[in-house]
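Down below is the structure, laid out as C-alpha cells.
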Amino acid sequence: MVAPSIKVSEAPLMLYALRRADDALILGHRLSEWCGHAPALEEDMALANIALDLLGQARELYSYAAEVEGKGNDEDKFAYLRDVRQYRNLLLAEQPNGDFAHTLVRQFFYSAFADLYWRAMMQSRNPTLAAIAAKSEKESAYHLRHSSEWVIRLGDGTQESHRRAQAAIDDLWAFTGEMFESDEAERGLIDAAVAVDPATLKQQWLKTVTGIVAEATLVLPKSVWMQEGGRHGRHSEHLGHLLSELQSMQRTFPGVRW
Amino acid sequence: MATPNTPLWEVFIRSRNGLAHKHCGSLHASDATMALQAARDIYTRRGEGVSIWVVPSNAITASDPSEKGMMFEPAESKIYRHPTFYEVPEEVGHM
Amino acid sequence: MYTQALNTSDGDDRNVEDAARAAAFQKRIDAEERIEPNDWMPAAYRKTLTRQISQHAHSEIVGMLPEGNWITRAPTLRRKVALLAKVQDECGHGLYLYAAAETLGTSREELVDAMLAGRAKYSSIFNYPTLTWADIGTIGWLVDGAAIMNQIPLCRCSYGPYARAMIRVCKEESFHQRQGYEIMLMLARGSDEQKAMAQDALNRWWWPVLMMFGPPDKVSQHSDTSTKWRIKRFSNDELRQKFVDATVPQAQFLGLTIPDPGMKQDEAGHWIHSRIDWNEFNQVLAGNGPCNRDRMAARRKAHDEGAWVREAAAAYAGKRKHRQTAQAAE
C-alpha cells in the first residue's frame, strides 16, 4: 500500500504561504545534498547552515499555510504527500546542484531576491508573515553575503573557476525572471499590503547582481527569455526525482509516526 | 595538486556583552572575510557569540614555555601588590 | 602558542630526550597539569597524540556519510532538520579535532592526505551501511552513546587542546544520543513493521558497536604509555562494560532484544556479553568491511572535485593581497 497524495485547497493567502514554503523546502533540500561532500569542511558547515535556515523558514510557512487553510493539514502533509503538480516552488529552486559554482550562483540569485523580499515583507499587514519576515531577513542577508563572496572568488579566481562560474550564470539566468512574477491569486494580497509586489524588487535585485557579477569579472547573459511555470505546478523533470527521494518514507509506510 | 595549504586562523569569541574575547579554536580559510564567516558557522551555532576575532596563526607571538620561571615567577614574591599584605584596623570599615 | 607561530623548527633542545626532561614531564602529568602546544614533550607523546586526535577527527568526518545517507529521505521535516544539524555537528567536531591535532605540528592537509591515501585509520563502525531509517535511530542511540563513554574521560586528558576540544564535543554530543533514542522510541511504539525495523537495526549494529571500544585489554598494543601519559584514562574493556551496563536497560525500555542470547547478569549486576568475533573487526580494519571502499571513494571524490574551488579561493586571496599592496604603494 502506498500513501495517496493529498490535494490542498488553495485560497489566496494559503497559496501565498505555500509557494514561499515550497521555495524554501526545495532549495534547502538541494543544499542538504552537499552534506559530507563539499570542497572543504568549512563549506560543509556553511551550506548546512543555509539549508537549516531555509528548512526552518519552510516549516514556519507550511505551519501558517495549514493554519490558514484550516483543514487539519500540517507541514509534513504538505511536504510529503503532495505530488509534483501540486508543488508551487520556483523553477530556480529545483535545479540540480551541479558543481559548486552552480550551487553558489543559484544561491546568489535566490538570496539577492530573498534579502529584498523579506525586508519588504517586514512591512506586511499580516502580523504572522511580518514576523516570519523579520527572522528570515537576517538569515537571507547572511546567505547573500556568503554566496556573493563565493561568486566573486569563483569568477575572479582561476581560469577554471571563472569558466565554471560563467557556465553556471548562463545555465541559471533564465530561471531568475520567475521570482518577480505575480498572478491574479496574489493581486488581492498585494493590494491589501499583505504581500509585496515582487516586480518592485527587480531593479534593486538587478543592481546587486550586476555589481557582484562585475566584481567577479563575469558577465550576465544578453537573453531576456525567462522560464516559468513552477508557481503553477509545471515543473522541470528534476522535481519528480527530488520528491521521490524526499517523500519515499511516507509513501512507503503510510499513516505511521516517526 | 600543488595548491599551497589553506592558511590557518585562530578564532576568539566574545560570548556575552561585557566579557573579553576568548580563544576557542582554529580553522582554515583563504582570506579574512571567509575566515570570519567560517568562524561564525563553526563556533557560534548555539548562540555562543556576540563578537568574533580571527587572527592568522602566524601573527601570534607566544611566550616560550621553557622561560616560564623567568617570565612569571618574579611576580609571585611581590606580595605588596596584593591587598592582603596591608593591615587596616576593623574600626575603619571596609577598604 | 601554535605551531605556525613558534614551534616551526623543532629546536634541537626539544628532541633531546634526556631523563631529566622526561621525568619533569611525567611529574607534570602526574600532577594533572595540562600540556600545551609549545611545552616540551617526548616525541612519542607528540606522535601518539597526533595519531589519536587525527584518527578521531577522520572518524567524525567519515561518520558524516552513513547518517548523511538519510538526510534527503528523513521521514518528517522535524527529523530532517535534526539529522542535518547532527551531521553538521559531526563536521564541526572533525574541525575542532583537526585544529587540536595541528597544534602538534602536522598540518590538516597532511593528516587528511594520509587518511585519503589509506595510511590513517578511522573508527571501524562507520564502515557499516545505513539500510533503514531505524539505523539512524540506532546510530544516535548506540554509536553516539559509545562515543560519549569514550569522550567524557578525554575531557580530562593531559593535552590541553584535545581536552578543550572534547569539552566542546561532549556538550554537543548529548543531543545526538537523545535524538537517536527518541527515534527508536517512536519506532518501538509504532506499527509492527516499525518495531521490526527497529529490532533489525539493533541486530545489525549491536556487535559492531561493541567492537568500537577496541580489542580486549590483554591484546591492545597502545594502552601502556597512553595510560601513563593520561591520554587514555580507562581501558577498552572498562568502557565497553560501562556502555553495556548503561544500554541494556535502555533496550529493555524500548522492548527490544539485544542480539546476544548468551548475555547474563552477574552478581554485581553487570551484563556479561558473549564472545565478540574479533575476526570481523580485523577484517573491517583491514579494509574489508561492507562500506570501506565506498567511504574512502566518497571522501576522495569530495576532496578531488573540490580542488578547483580551493584553488580559486587561494588565487583570489593572492590577487587581492597583490592589489592591496599595489594600492598602498600609490
Side-chain angles (χ1 to χ4, degrees), chain A residues 25 28-45 47-49 51-52 55-56 58-59 62 74-76 78-80 99-101 104 149-150 152-165 216 242 244-250 252-253 255-258, chain C residues 57 60-81 83-85 87-92 94-95 98 108 112 132-133 137 183 186-187 189-191 193-194 197 298-299 301-303 305-320:
Chain A
L25 172 67
H29 178 96
R30 277 293 188 221
L31 288 173
S32 77
E33 290 172 3
W34 275 100
C35 203
H37 308 286
L41 299 179
E42 285 82 359
E43 261 329 284
D44 267 306
M45 301 298 286
L47 294 176
N49 257 358
L52 285 167
L55 292 171
R59 296 183 70 197
Y62 281 135
D74 60 27
E75 62 181 12
D76 289 330
F78 288 146
Y80 289 88
D99 64 9
F100 191 71
L104 270 297
E149 297 292 351
W150 270 115
I152 291 169
R153 280 156 182 74
L154 297 181
D156 194 13
T158 60
Q159 266 189 342
E160 178 171 10
S161 70
H162 181 95
R163 180 183 59 78
R164 288 174 182 260
L242 188 160
S244 297
E245 215 169 299
L246 194 160
Q247 299 183 344
S248 59
M249 286 295 285
Q250 290 229 11
T252 314
F253 302 97
V256 294
R257 298 179 62 213
W258 302 99
Chain C
E60 297 283 352
I61 301 308
V62 175
M64 292 170 73
L65 297 172
E67 291 180 282
N69 186 34
W70 278 87
I71 293 171
T72 53
R73 290 176 293 169
T76 68
L77 295 185
R78 180 166 175 265
R79 294 294 178 211
K80 197 181 184 80
V81 297
L83 183 57
L84 179 54
V87 177
Q88 184 194 40
D89 273 353
E90 266 131 41
C91 185
L95 280 162
Y98 282 127
R108 189 206 293 182
V112 169
T132 71
W133 175 250
I183 290 174
M186 291 297 279
L187 295 174
R189 291 174 177 164
S191 67
E193 222 176 350
Q194 286 177 301
M197 195 193 283
R299 289 310 303 159
K301 184 164 186 265
H303 187 80
E305 289 184 1
W308 69 267
V309 178
R310 298 189 297 272
E311 281 158 21
Y316 178 79
K319 286 188 201 178
R320 194 160 91 164

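Proteins get letters first, then strands, A, B, ... in listed order; numbering begins at 1 in each. The structure presented is a predicted model; accordingly, all values stated were derived computationally and were not measured.
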- Query: Relative to chain C, which segment of A:Trp34 carries a heavy atom at a distance below 4.5 Å: side chain, backbone, both, or neither?
  - Reply: neither

- What option among A:Gln250, A:Met45, A:His37, A:Met249 has the most heavy-atom pairs under 4.5 Å with chain C? A:Met45

- Portion of C:Glu305 that has a non-hydrogen atom of chain A nearer than 4.5 angstrom: neither

- Task: Let me know if A:Ala101 has heavy atoms under 4.5 Å from chain C in its side chain, its backbone, both or neither.
- Result: both

- Sort A:Phe100 into side chain, backbone, both or neither according to what part of it lies under 4.5 angstrom from a heavy atom of chain C. both

For residues 61-69 of chain C, tabulate all N or O donor-acceptor pairs below 3.5 Å that involve a side-chain atom, not counting sequence neighbours.
residue, atom, partner, partner atom, Å
C:Glu67, OE1, C:Lys86, NZ, 3.0
C:Glu67, OE2, C:Lys86, NZ, 2.6
C:Asn69, ND2, C:Thr130, O, 3.3
C:Asn69, ND2, C:Thr130, OG1, 3.0

- Message: Need one label for C:Arg189: side chain, backbone, both or neither, based on atoms under 4.5 Å from any heavy atom in chain A.
- Response: neither

- Message: I want to check something: taking the side chain as every heavy atom from C-beta on, are C:Arg73 and C:Lys80 in contact at a cut-off of under 4.5 Å?
- Response: no

- Which bit of A:Ala79 comes within less than 4.5 Å of chain C, counting heavy atoms only: side chain, backbone, both or neither? side chain

- Task: Answer yes or no: is there an ion pair linking A:Glu160 with C:Arg310, defined by an N-O contact shorter than 4.0 Å?
- Result: no

- Message: Please classify the contact between A:Leu25 and chain C as side chain, backbone, both or neither, with a heavy-atom cut-off of under 4.5 Å.
- Response: side chain

- Task: Just give me the residue among A:Arg164, A:Glu42, A:Gln159 that pairs up with chain C most often, heavy atom to heavy atom, under 4.5 Å.
- Result: A:Arg164

- Note on the structure: Residues at least two apart in sequence or cross-chain that pass side chain to side chain donor-acceptor pair (under 3.5 Å) with A:Asp44, listed by chain then number, are none

